[in-house]
Amino acid sequence: MINPVPRVRFAPSPTGYLHVGGLRTALYNYLFAKNNNGKFILRIEDTDRNRYVEGAVENLIKTLKWVGLNYDEGPDNGGEYGPYYQSQRLDIYKAHAKILLEQGNAYRCFCTPERLTLLREEQQKVKLQGKYDKHCLHLTHEEVEQKLSEKILFVVRLNVPSEKIISFDDVIREHVEFASETVDDQVLIKSDGYPTYHLANVVDDHLMKITHVIRGEEWLSSTPKHVLLYDYFGWVRPVFAHLPLLLNADKSKLSKRQGDVAVEDYRDKGFLKEALINFVALLGWNAGDDREYYKLNELEKYFSLDRVNKSGAVFNVEKLSWLNFEHLRQKPVEEVLVLLKDELNKSKFSGKTYKDEYLIQVIASMRERVSFVKEYIEKSPYFFEEPDEYDPDVVKKRWKEDSPILLKTLAGSFSLLNENASKEEFEQALHKTAEESNSAVGKLIHPLRLAVSGMGVGPGVYDLLVILGRDEVIRRINTAIEKINI
RNA sequence: GGCGCGUUCGUCUAGUGGCUUAGGACGCCGCCCUCUCAAGGCGGAGAUCACGGGUUCAAAUCCCGUACGCGCUACCA
């Protein structure tokens with residue numbers, strides 16, 4: 001086999017949502033495939049019946065599609081190495097377990113859960129490593145047949161040799177070694193006939209011609225078991241790459257208890273898929289330069305496994321937010337427009353309609369002031385309804401005794417402008433009013449902003465005027481004069 | 001407890017023996033710009049490169065030890 005097409009896989013167990021750590025693993029697999037003209041496969045590791053969650057797979061696929069990590073083969077789009085659900089491959093695992101059984105590289109274990117618990121407790125008491133004692137390995141052929149005919153439940157265990165060094169190479173960790181004494185006789189087939197991850201993953205990876213196993217570091221400790229299986233079957237081992245973990249602020253493995261871990265949570269909070277991808281890509285990888293802003297297609301170009309870090313990375317939402325800001329700023333207006341309309345439909349303004357042309361102006365004026373689409377509404381509600389209150393602090397600071405009369409004059413001079421007066425025309429009118437009333441422009445600008453928006457912050461005041469339009473501006477000025485009392 | 005992996009500013013990281021008085025980014029602080037807020041520009045605080053030994057003319061970079069952290073230790077993945 002010379003230069004086979006690289007084939008990698010993302011193999012999540014369907015727990016109900018896509019974990020951000022899973023997203024990172026999926027992304028690195030995807031990027032590796034793209035970068036090497038390889039194939040990216042999605043395989044569902046649903047061999048634990050106790051953990052079955054209704055709709056989990058559908059949700060997982062939906063989320064993966066949302067972020068744009070399209071796979072070449074998978075449960076819903078087929079491929080020549082299916083099925084891609086492990087629960088549909090039970091016969092394959094059984095057949096392979098049988099081979100191991102015949103070789104003597106696996107054996108049936110009839111021990112009861114009670115005995116195993118007892119064993120573990122005893123080992124713990126003497127501070128010994130918790131490990132199966134190979135009790136059932138020494139059963140005679142007759143004893144096994146006897147128990148089989150009695151229909152006693154059994155599992156199939158991996159027969160780990162003694163006094164061997166099990167070693168393998170890892171792209172990220174380099175050479176790793178384990179003494180076989182420290183490796184447990186792992187259960188390969190459970191008593192319900194389902195395989196464990198260890199067997200299923202090795203069999204499938206081989207059958208699906210996976211060339212590179214890129215997965216989280218939590219699997220490093222069980223890799224010797226997998227390596228043993230490859231060797232027992234006489235199969236070529238894939239290249240292993242164990243990714244550093246994503247961490248909570250306290251450096252423990254990223255978990256639900258300490259904040260959001262589901263990609264869906266971040267999506268619902270308004271994070272863009274572009275930002276999420278960019279952020280997660282940088283958690284454990286960089287191109288060796290100072291670049292931090294990437295689009296997915298650029299990551300595809302630059303990503304390489306050998307630039308992946310060894311140590312875990314804390315998931316820092318503040319930096320994610322900054323990237324969200326950056327990506328939102330780069331997004332074409334038409335796309336932001338669609339997102340903004342969605343957001344409006346979810347807001348209290350859902351009953352109202354706004355012209356695209358109007359919303360585009362709003363977007364342009366607020367671009368540099370928002371990190372999230374919903375902030376267009378939160379930070380500048382005055383574009384969607386007239387202010388119903390005026391920020392008291394700003395009133396205190398900017399609304400002077402002469403403000404009503406000045407604004408009245410200003411409204412008068414605005415009324416002489418065109419209905420679609422330009423920024424310059426508004427500016428000229430304001431300056432002229434200031435001059436004629438012998439007042440500084442600031443004495444007009446600040447109360448004007450307050451009157452028109454109810455706030456003290458926002459886009460340039462003339463932008464505000466143009467977007468709202470002459471008539472609306474005049475109306476708001478009059479309302480403010482009535483409502484603001486000092 | 002055992003085994004494995006890791007350890008550079010608060011966080012993400014650059015660094016692969018001399019270019020390093022350890023660089024960038026987020027966040028924080030200040031100044032400039034300015035009608036406000038942002039954006040932008042400039043600057044600042046912030047890392048005795050976990051610690052201790054070696055190797056070397058020279059170490060964040062190589063080796064050994066220690067400490068600490070994390071992961072695994074299920075008929076879960």
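First the proteins, then the strands, lettered A, B, ... as listed; each starts at 1.
Look at B:C70: its Watson-Crick or wobble partner, with both distances under 3.5 angstrom, is B:G4. Under the Watson-Crick and G-U wobble criteria, each requiring two contacts below 3.5 Å, nucleotide B:G27 is left unpaired. The partner of B:C75, taking Watson-Crick or G-U wobble pairs whose two distances both stay under 3.5 Å, does not exist in any strand shown. Base-pair partner of B:G65: B:C51 (Watson-Crick or G-U wobble, both distances under 3.5 Å). Look at B:G18: its Watson-Crick or wobble partner, with both distances under 3.5 angstrom, is B:C57. The partner of B:A45, taking Watson-Crick or G-U wobble pairs whose two distances both stay under 3.5 Å, does not exist in any strand shown.
Residue pairs meeting the salt bridge (charged side-chain N to carboxylate O under 4.0 Å, His left out) criterion with at least one member in residues 425-452 of chain A, sequence neighbours excluded, are A:D402-A:K443, A:K432-A:E436. Among residues at least two apart or in separate chains, salt bridge (charged side-chain N to carboxylate O under 4.0 Å, His left out) pairs with a member in residues 304-325 of chain A are A:E292-A:K319.
When heavy atoms are screened at a 4.0 angstrom cut-off, A:V126 is found touching no nucleic acid atom at all. Counting non-hydrogen atoms under 4.0 angstrom, A:F279 reaches nothing in the nucleic acid. Note on A:P113: a base of the nucleic acid sits closer than 4.0 angstrom, heavy atoms only.
The main-chain N or O of A:Q86 is found under 3.5 Å from a side-chain atom of A:D46 such that the two form a donor-acceptor pair. A donor-acceptor contact shorter than 3.5 Å is absent between the side chain of A:N248 and the backbone of A:D250. Checking side-chain atoms of A:E298 against main-chain N and O of A:K295 turns up a donor-acceptor pair under 3.5 Å. Between the side chain of A:E181 and the main chain of A:E163, a donor-acceptor pair closer than 3.5 Å is present.
Here B:A77 presents its C1' atom at 10 Å from NE2 of A:H226, a figure rounded to the nearest Å. A:L188 has its CG atom 12 Å from the P atom of B:C76, to the nearest Å. What separates CG of A:D185 from P of B:C75 is a distance of 11 Å, to the nearest Å. A:K310 has its NZ atom 20 Å from the P atom of B:C49, to the nearest Å. Here B:A25 presents its C1' atom at 12 Å from CG of A:N278, a figure rounded to the nearest Å. Rounded to an integer number of Å, the gap from CG of A:L320 to P of B:A25 is 19 Å. Per the geometry, CG belonging to A:L128 stands 10 Å off P belonging to B:G2, to the nearest Å. Whole-Å rounding puts the A:E181 CD to B:G4 C1' distance at 16 Å.
Distances shorter than 4.0 Å separate some side-chain N or O of A:T47 from OP1 or OP2 on B:A77.
Between A:Y197 and A:E177, the one whose closest nucleotide on RNA chain B sits nearer the 5' end is A:E177.
Considering only residues two or more places apart in sequence or on other chains, A:A56 meets the side-chain contact (heavy atoms from CB on, under 4.5 Å) condition with A:P14, A:V53. Checked against side-chain hydrogen bond (donor to acceptor under 3.5 Å, both in side chains), A:R43 has the following partners two or more places apart in sequence or in another chain: A:E45, A:D205. When the salt bridge (charged side-chain N to carboxylate O under 4.0 Å, His left out) test is applied to A:D290, no partner is found at least two apart in sequence or on another chain.
With salt bridges taken as basic N to acidic carboxylate O contacts below 4.0 Å, none links A:K131 and A:D185.
There is a side-chain donor-acceptor pair under 3.5 Å between A:D204 and A:Y93. Neither side chain, A:T433 nor A:T409, offers a donor N or O lying under 3.5 Å from an acceptor on the other. With no hydrogens or angles considered, no side-chain donor-acceptor pair links A:N309 and A:S311 at under 3.5 Å.
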Taking only nitrogen or oxygen atoms into account, show me every contact under 3.5 Å that the protein makes with nucleotides 59-63 of chain B, one pair per line with its distance.
none

Can you pull every protein N or O that's under 3.5 Å from an N or O on nucleotides 71-74 of chain B?
| residue | atom | partner | partner atom | Å |
| --- | --- | --- | --- | --- |
| B:G71 | OP1 | A:K253 | N | 3.2 |
| B:G71 | N2 | A:S221 | OG | 3.1 |
| B:C72 | OP1 | A:K253 | NZ | 3.0 |

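A heavy-atom distance below 4.0 Å to RNA chain B is reached by none of the residues of residues 19-27 of chain A. Sorted by residue number, the members of residues 429-445 of chain A with any non-hydrogen atom under 4.0 Å from RNA chain B read A:I445.
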> Which parts of nucleotides 13-24 of chain B does protein reach within less than 4.0 Å, heavy atoms only, written one letter per nucleotide 5' to 3' as B for base, S for sugar-phosphate only and - for none?
Replying inline: SSSB------BB
>> Across nucleotides 36-48 of chain B, 5' to 3', mark each nucleotide with B, S or - according to how protein heavy atoms within less than 4.0 Å reach it.
In response: BBBSS--------
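Nucleotides B:C42 and B:C5, compared at atom P, are 45 Å apart to the nearest Å. Separation of the P atoms belonging to B:U11 and B:C75 is 37 Å when rounded to the nearest angstrom.
Ring geometry, A:H226 versus A:H198: the interplanar angle falls from 30° to 60°, so the pair is classed tilted. Ring geometry for A:W219 versus A:Y197: interplanar angle under 30°, hence parallel rather than tilted (30 to 60°).
A cation-pi arrangement is present between A:R24 and A:Y28, with the terminal nitrogen or guanidinium carbon under 6.0 Å from the aromatic centre and inside a 45° cone about the axis. Note that A:R291 lies outside the cation-pi zone of A:Y293, set by a 6.0 Å cut-off to the ring centre and a 45° limit from the axis. A:Y194 carries A:R49 over the face of its six-membered ring, with the cationic atom under 6.0 Å from the centre and within 45° of the normal.
Aromatic rings of A:Y462 and A:F426 (six-membered ring for Trp) have centroids beyond the 6.0 Å cut-off, not under it.
One N or O donor and one acceptor, one from the side chain of A:S191 and one from the base of B:C75, sit under 3.5 Å apart.
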Listing, residues 363-374 of chain A side-chain donor-acceptor contacts under 3.5 Å, not counting sequence neighbours, or none:
| residue | atom | partner | partner atom | Å |
| --- | --- | --- | --- | --- |
| A:S365 | OG | A:V362 | O | 2.9 |
| A:R367 | NH1 | A:R329 | O | 2.9 |
| A:R367 | NH1 | A:K331 | O | 3.2 |
| A:R367 | NH2 | A:K331 | O | 2.5 |
| A:E368 | OE2 | A:R329 | NH1 | 3.0 |
| A:R369 | NE | A:S365 | O | 3.3 |
| A:R369 | NH1 | A:G458 | O | 3.3 |
| A:R369 | NH2 | A:S365 | O | 3.3 |
| A:K374 | NZ | A:K269 | O | 2.9 |

